[in-house]
Amino acid sequence: MEEPQGFFSTGDGCVGDTVTERCLVESKEPVSHVQLACGLWFCAFPLDGNELCVWSTKDPSYQPLILRGHRQPITAVTFGNTVSPLLICSASQDYVMLWSLDECRQKVLLGLTPRGLVLGTLLGKALYLRLSPDDRAAAVCAGNKIFMLDTESRSTLAVLEGHRGPVTAAEFCPWQTHIIISVSEDRSFKVWDHHAGSPLYSSAVLTASPLLSLLVDEKSKQLVAGCADGQLWVFSLVERHHYRCVTRVDLKKKRETFSRRVESRLCSLPVLFLEENRRPRAHGLEKGEDMEGSLPVLSLAPCDLSLLLSSECGCLPSESAPCLWVGSSAGLLVLNLANFELEGVLRYKDFRSLSIQVAGSCAMMSKAGEQKAICLLTSLFGGQIAVLEIRLAALVRSRQGLGAGRSLSVLPRGCVLSTSPLHFRIAEEHRTPPAPQRRSAVRSTVQDQPLVFHSKVRSSGYATAPHVTMFSPKTNTRNNGDSPSRRRSSHGKEYPLESSPPTRLHKQRVLAHGPAAALCVQFSGDGRWLACGLANHLSLVFRADLTGTPAVFSGHDGAVSTVCWSHDGRWLLSTSLDGTPRVWSLRRAELVLCVGRDLFPKPIQSAQFYYLDAFILCSSGPELQLLKCHIDTSKDEIRRYKQKSRCRPVFRLPTAGPTEITSLSAVNDFYSYLVLTAGRDKTVEVFDLNAGRSAAVIAEAHSRPVHQICQNKGSSFTTQRYQVYNLFATTATGDGIKLWDLRTLRCERRFEGHPNHGYPCGIAFSPCGRYVASGAEDRHAYVYELGSSTFSHRLAGHTDTVAGVAFSPSAPQRERDRTCEQGRGRERGERESQAASALSTELDAGLRPATLGSRPEPRSRVGCSTDRVPQAPLFLMLSVLSHI
């Protein structure tokens, strides 16, 4: 054991509160493109070509261990997975050697020369090494082949051939040890069974640049491949997913977005906070100084941020999201595998005191439960080797921001303030007109009537007063006697929180014959009714099982963009491209309120009932409008066409930006003070109507404007944990779905498996809060689990773009449906009633929908086909015509 005098230096010289350079080594030979090893207690790297240097990260003052045995320059080094004995494997063009560090250190203490075991000879230039989870096999990537070597018998187990370019990395599958995955410069990855020596899967060409690095994450069961052009490809390794692509991450764009967010948050921080957290920079974030064309992914390693992110997470099925280190030539990045956002960025240029500014190779390690990480770097242009210590808390501090969302919650934490707009009440007006006006009205009516002395003759003008009392609001009091809970309990059971998502088509129905697309769909709160908005200016209300003739609501002058039910299920609110929200009576199937355009400066884009039907929320340009409405369904026999319902704005809030609101969302099933809005400037803003102000703004929530915000509202049939109600999802065309937490204002997960590049497809939460459904442009609907980034089910049945989705708020199976099922095959019904059924509405009038056991209907008729199971629908999809 020797220490190269004049070449090895250690110290505690601090570069900053984020990174510290612990060790610097000068090698006589360049080590720019070699595989480095970084473990829990040691790091290993080639020194002077054919020597192997092992340095202790636990005790930096400990003298390094120099191992000699190779004759050619060492090109790859890796540690074993077992703790005792700790093995290290090194490879060169002449030998592949296995060392036991405990034995080598004991021999050095005894004055002997340590020797390693030779596993293979003359295999070629090895670019990558990896030991199996039990350290019984070693995978050597040399040329286009992967040599599987037995570490005990020192024999060759198998030679895996199939790549057309040099194999750059290979990893064992932790939960299936007989599986090994490799990437190559041929821009593809392959899955092998090294016990059988045969390939199991071969991907297509992924990109134009070679694949350089590979990581298999056991927690998320995902495969991450890094490219030379700065792209990360993520694939699912879950069984029956068939290695589907989850997403593709552009690291350069992610870093630019991260820099803009950090700068915007620093601008809002106090001056004292800025002085305390200022660190030395090379001004690399300034415009014009970033000269890197791409970020080649040199290496990937798992990163444990559970201590830093555990306090912010906790409402998702996965308590802490998996993260990974991404090592490039320009710096280190920490990527969250749940939301595919950067948690931290470390640029070498930001720290001028670092000895290495451009890396040729790197290896990272962060021990679970600790807030420090070790990074081993080699210079791209020389023989310098550096060991860096990184403080994770300081690295991700800028990503955590101010924590402005911690005080936000959908559930109210206090009483309504006296100055709150929610405390507003309109004085109750007289229901009957003043006496002089009533007498004049009666007198004018009697003048033109024949003189009849019998008061019971219906044609007599003296019967005017009884006619007026018939339409008084008291006639509707009998319908209000049943509370919503009593009415709902008679039709459904408690919604099972552990229910499976729908996977089977239940029914199809054509809504329109011409080229009229269905744009929106919504179930009523009790799950009995279903409202659809069409592009032909109509709104349809069906029974939830799509039986019977629908109620048609006409009156809009444009396509119906949104529909919303009141909490008690009596009213239906619709908005259209004509900019006028309208309230319809479900019982009378008629218009009861039309809000005129003169009340708003700009047309209404979206509207909904709010605060248990006490208000109506509207978005008018860059303003949020709060309306107080009085709905009166009584009619005057004389002025029967005059609208007696009234509406007036009581409060308005401008958004932070000047752009218009594209979508809004608020809870109406219980009292909540928060309202979420999305703007055309890609921002999401949270308003606190109890305080009457904007509470938080999320800048650049998506790369494109958000077209829908969807909250996890649950339903009256379910009881979720109170933390889960703080989740909401946003979607944008071409940018997938993002899941957010109101308490932290962080994106917790990202869903990108559905194709959505040009049409705004809708999303919906399931009542149990475990699934998110989305429409797609490939004529399918996708169902995601909140704990997974890839879709769990892909529902087919449409012939065009699926524009809207909706979950039934009631139980998936109803008692009356099981009763109807008797006599149609009890055995088949018991088998299929356990699975959630799906309801599909087909709008392509040019195609005749047909299902199993039914004949296609003619084009002149509305086609409706069902299967044999009369099961209540759990999920509904809408498709639109591509030429609309």
Side-chain angles (χ1 to χ4, degrees), residues 30-37 46 72-78 91-93 96 120 122-130 138-149 158-173 179-192 194 197-216 222-235 237 243 245 248-252 292-301 324-330 358-363 378 380:
V31 286
S32 59
H33 295 90
V34 297
Q35 179 192 2
L36 307 176
Q72 298 292 330
I74 299 175
T75 57
V77 183
T78 185
S92 61
Q93 289 190 359
V96 176
L122 301 177
L123 299 181
K125 183 180 180 180
L127 298 180
Y128 200 84
L129 284 175
R130 185 60 68 195
V140 182
C141 303
N144 301 354
K145 304 177 182 179
I146 303 176
F147 296 90
M148 302 301 302
L149 306 179
V159 179
L160 307 180
E161 301 182 64
H163 281 290
R164 299 183 178 181
V167 182
T168 54
E171 295 288 344
F172 288 90
C173 184
I179 299 296
I180 187 172
I181 306 173
S182 61
V183 294
S184 170
E185 291 185 3
D186 61 5
R187 301 160 294 171
S188 67
F189 74 91
K190 295 182 182 297
V191 182
W192 311 82
H194 65 86
S198 59
L200 300 178
Y201 177 81
S202 180
S203 72
V205 175
L206 302 179
T207 179
S209 301
L211 300 179
L212 302 180
S213 54
L214 181 65
L215 174 70
V216 178
Q222 290 179 344
L223 163 69
V224 184
C227 306
D229 58 353
Q231 305 282 335
L232 285 180
W233 292 80
V234 184
F235 298 89
L237 298 181
Y243 307 98
C245 180
R248 180 178 61 89
V249 180
D250 191 336
L251 294 178
K252 187 176 181 179
E292 300 125 358
S294 62
L295 295 173
V297 183
L298 303 179
S299 63
L300 298 170
L324 62 89
W325 286 101
V326 180
S328 67
S329 59
V358 181
S361 300
C362 62
T378 62
L380 180 63

- Message: Can a donor-acceptor pair be found, under 3.5 Å and without considering hydrogens, that links the side chain of Gln35 to the backbone of Thr78?
- Response: no
- Message: Pair Trp192, Leu200 - check side-chain contact (heavy atoms from CB on, under 4.5 Å), show working.
- Response: CA-CA 5 Å; Trp192 311 82; Leu200 300 178; over 6 Å; no
- If we ignore angles and hydrogens, is there a donor and acceptor under 3.5 Å between the side chains of Thr207 and Arg187? no
- Task: Check step by step if side-chain contact (heavy atoms from CB on, under 4.5 Å) holds for Leu122 and Gln93.
- Result: CA-CA 6 Å; Leu122 301 177; Gln93 289 190 359; over 6 Å; no
- Query: Looking at NE2 of His33 and CG of Leu212, how far apart are the two atoms once the value is rounded to the nearest 0.5 Å?
  - Reply: 9.0 Å
- Note on the structure: d(Leu36 CG, Ile74 CD1) to nearest 0.5 Å is 11.5 Å
- Using a 4.5 Å cut-off on heavy atoms from C-beta on, say whether the side chain of Ser213 contacts that of Val183. no
- Query: Can you find a pair of side-chain heavy atoms, one from Trp325 and one from Leu215, that are under 4.5 Å apart?
  - Reply: no
- Message: Donor-acceptor pair, distance only, cut-off 3.5 Å: does the side chain of Ser299 make one with the backbone of Cys362?
- Response: yes
- Message: Can you confirm whether Leu129 sits close enough to Val140 that some side-chain heavy atom of one is under 4.5 Å from a side-chain heavy atom of the other?
- Response: yes
- Query: Quick one: NZ on Lys190 to NE2 on His163, what's the gap to the nearest 0.5 Å?
  - Reply: 5.5 Å
- Message: If you define the side chain from C-beta out and look only at heavy atoms, does anything of Phe189 sit under 4.5 Å from Trp233?
- Response: no
- Item | Ile180 vs Met148, side-chain contact (heavy atoms from CB on, under 4.5 Å): CA-CA, chis, key distance, verdict | CA-CA 10 Å; Ile180 187 172; Met148 302 301 302; 4.1 Å; yes
- Query: Are the side chain of Ser361 and the backbone N or O of Val34 linked by a donor-acceptor pair below 3.5 Å?
  - Reply: yes
- Query: Between Val297 and Val326, is any pair of side-chain heavy atoms under 4.5 Å apart?
  - Reply: yes
- For the side chain of Ser184 and the backbone of Pro166, is there at least one donor-acceptor N/O pair under 3.5 Å apart? yes
- With side chains defined as the heavy atoms from C-beta onward, is the minimum distance between Val224 and Leu214 less than 4.5 Å? no
- Query: Between Leu237 and Ile181, is a side-chain contact (heavy atoms from CB on, under 4.5 Å) present by the stated rule, with each step listed?
  - Reply: CA-CA 11 Å; Leu237 298 181; Ile181 306 173; 4.0 Å; yes
- Item | Interatomic distance, Asp229 atom CG to Ser209 atom OG [nearest 0.5 angstrom] | 3.5 Å
- Is any side-chain heavy atom of Leu300 less than 4.5 Å from a side-chain heavy atom of Leu232? yes
- Query: Any side-chain heavy-atom pair from Leu223 and Val191 closer than 4.5 angstrom?
  - Reply: no
- Message: Parallel, tilted or perpendicular: which one describes the rings of His194 and Phe172, with boundaries at 30° and 60°?
- Response: perpendicular
- Query: Closest heavy-atom contact between Phe235 and Tyr243?
  - Reply: CD2-O, 3.5 Å
- Quick check: does any side chain N or O of Thr168 sit under 3.5 Å from a backbone N or O of Leu211, one acting as donor and the other as acceptor? yes
